[in-house]
Student: 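Dumping the structure here so I can ask a few things about it.
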Amino acid sequence: MVERHGGRGAFALDGISQRAKGAVKAAWWTAAGGVTRALAQPTRGEAHVRFEPKGPPVSAARLRQAYLAAFDKDAADVAAGLYPPVEDGPRNPAEAFRRALDVIADAKAVDRRRRKGDGVEVRQDPLSEGYPAYYRQNFHYQSGGWFTDASARRYEAQVEALFSGAAGAMRRRALSLLAAHWRGKDQRGLRIVDVACGSGSFLADLAGAFPRAAIGGVDLSRAYLAAARSRSGLGVIQANAEALPFADASLDAVTCVYLFHELPPRVRPVVAAELARVLKPGGVLAFADSVQPADEPDLARLLEAFPAYFHEPYYASYADTDLPALFSQAGLSEAGRDQAFLTKALLLEKPL
Ligand SMILES: C[S@@+](CC[C@H](N)C(=O)[O-])C[C@H]1O[C@@H](n2cnc3c(N)ncnc32)[C@H](O)[C@@H]1O
């Protein structure tokens, strides 16, 4: 739990400030996302986009309610002292413009790949050689896949533009579960690793919430690791989540955000077993990923559309995966869950 002088009043003020920051982020990234979509509007007529909606139309009111709930939950957790106010937006207007313009400038290239249905362009890049085939793809049709510095610099802004500024608040559902689980616990000596840390947003959140713990990250992408190192100031190493470079039962917590929907079905149980292996007995996995249709039937059509428009080759199988069963086979049992907008979080415990 956060150490803070000034008692409940100070936490309440922090919560108000977090909600205000969320409102600014929401407005900014909604605008940037709108421009991006206007420049590269996916249309139903595109030959390669095979999407026959099954779920009912998504109501704008329900979508807005789910979206705003993400910011409300984030602010409520700050007000409750679970984690400190988070600076995860651009630091100043100049940076905000630069990041948004970069996403907008790249939108045409993303759209070109989408129109061609080319989600594996990156295989022509020598940088991608030697990595698993499932990894050598342009997920989200993004330029450079996971392999270039430009992609790593752009990623967080792209995600925020996609989710209208709610990405940070959604990820922190996993932080909320972990912080509540450890409330009052002495953090000194705790070891936490963020697996598939990407460009480091969640690592920065972890560092803010657990300033006395030893925290590090792993990812397969050298470029994203460099971005994570500079964003969080934490130690990160290159590793495949299928074979983590940590001893059995050596970590108090592992966190894993937005990885599983990008893994092929045969790899998911391998990674789940690795996450369980490195946890100490009593240790926990704080997991976050896309909501599944069963979690949000009202938004199911949006979830159906996502893999068709954003090159997510393993998303459909992820959507059907029984996650508690997957982790139970790895020896972890569910100890908590939460969700906000398009993200669900699970807390999974390794028995003592
Ligand atoms: C959608 S991004 C999520 C990144 C970050 N956790 C976040 O919340 O923004 C998926 C990340 O998983 C990493 N990744 C994918 N497969 C991996 C694997 N087998 N081992 C390690 N990292 C992997 C990618 O390099 C990328 O950084």
Student: List in chain and number order the residues that pass salt bridge (Lys or Arg N to Asp or Glu O under 4.0 Å) with Arg98, two or more places apart in sequence or in another chain; answer none if no residue qualifies.
Tutor: none

Student: Check which hydrophobic residues are tied to Trp28 through side-chain heavy-atom contacts below 4.5 Å, counting indirect links as well, and list them.
Tutor: Trp29, Phe97

Student: Checking Glu121 now: which residues fulfil salt bridge (Lys or Arg N to Asp or Glu O under 4.0 Å) with it, not counting sequence neighbours?
Tutor: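 Salt bridge (Lys or Arg N to Asp or Glu O under 4.0 Å) list for Glu121, sorted by chain: Arg112, Arg113.
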
Student: Name all pairs fulfilling the salt bridge (charged side-chain N to carboxylate O under 4.0 Å, His left out) condition that reach into residues 81-90, sequence neighbours left out, sorted by first residue then second.
Tutor: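 The answer is Lys21-Glu87, Lys25-Asp88, Asp88-Arg172.
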
Student: Linking Ile, Leu, Val, Met, Phe, Trp and Tyr through side-chain heavy atoms less than 4.5 Å apart, which residues share a cluster with Val103?
Tutor: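 None, because no other hydrophobic side chain comes under 4.5 Å of this residue.
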
Student: Give every residue pair that meets the salt bridge (charged side-chain N to carboxylate O under 4.0 Å, His left out) criterion with at least one member in residues 125-149, sequence neighbours excluded.
Tutor: none

Student: Not counting sequence neighbours, which residues clear salt bridge (Lys or Arg N to Asp or Glu O under 4.0 Å) with Asp186? List them please.
Tutor: Arg188

Student: Tell me every residue that passes ring pair (Phe, Tyr, Trp, His ring centres under 6.0 Å) with Tyr131, counting only those two or more places apart in sequence or in another chain.
Tutor: Tyr135, Phe147

Student: Return the set of residues passing salt bridge (Lys or Arg N to Asp or Glu O under 4.0 Å) with Arg277 (not counting sequence neighbours), or none when no residue passes.
Tutor: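 Counting only residues at least two positions away or on another chain, Arg277 forms a salt bridge (Lys or Arg N to Asp or Glu O under 4.0 Å) with Asp248, Glu274.
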
Student: Is there a side chain to side chain contact (heavy atoms under 4.5 Å, CB included) between Phe139 and Tyr314 once you walk through the steps?
Tutor: CA-CA 10 Å; Phe139 287 91; Tyr314 310 116; 4.2 Å; yes

Student: What pairs meet the ring-ring contact (aromatic ring centres under 6.0 Å, His included) rule with one or both residues in residues 214-239, with sequence neighbours excluded?
Tutor: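 For residues 214-239: Trp146-Tyr224, Tyr155-Tyr224.
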
Student: Excluding sequence neighbours, so at least two apart, what forms ring pair (Phe, Tyr, Trp, His ring centres under 6.0 Å) with Phe260?
Tutor: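 Expected list: Phe287, Phe327.
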
Student: Any salt bridge (charged side-chain N to carboxylate O under 4.0 Å, His left out) pairs touching residues 173-182, not counting sequence neighbours?
Tutor: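 Every pair satisfying salt bridge (charged side-chain N to carboxylate O under 4.0 Å, His left out) with a residue in residues 173-182: Asp77-Arg173, Arg173-Asp338.
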
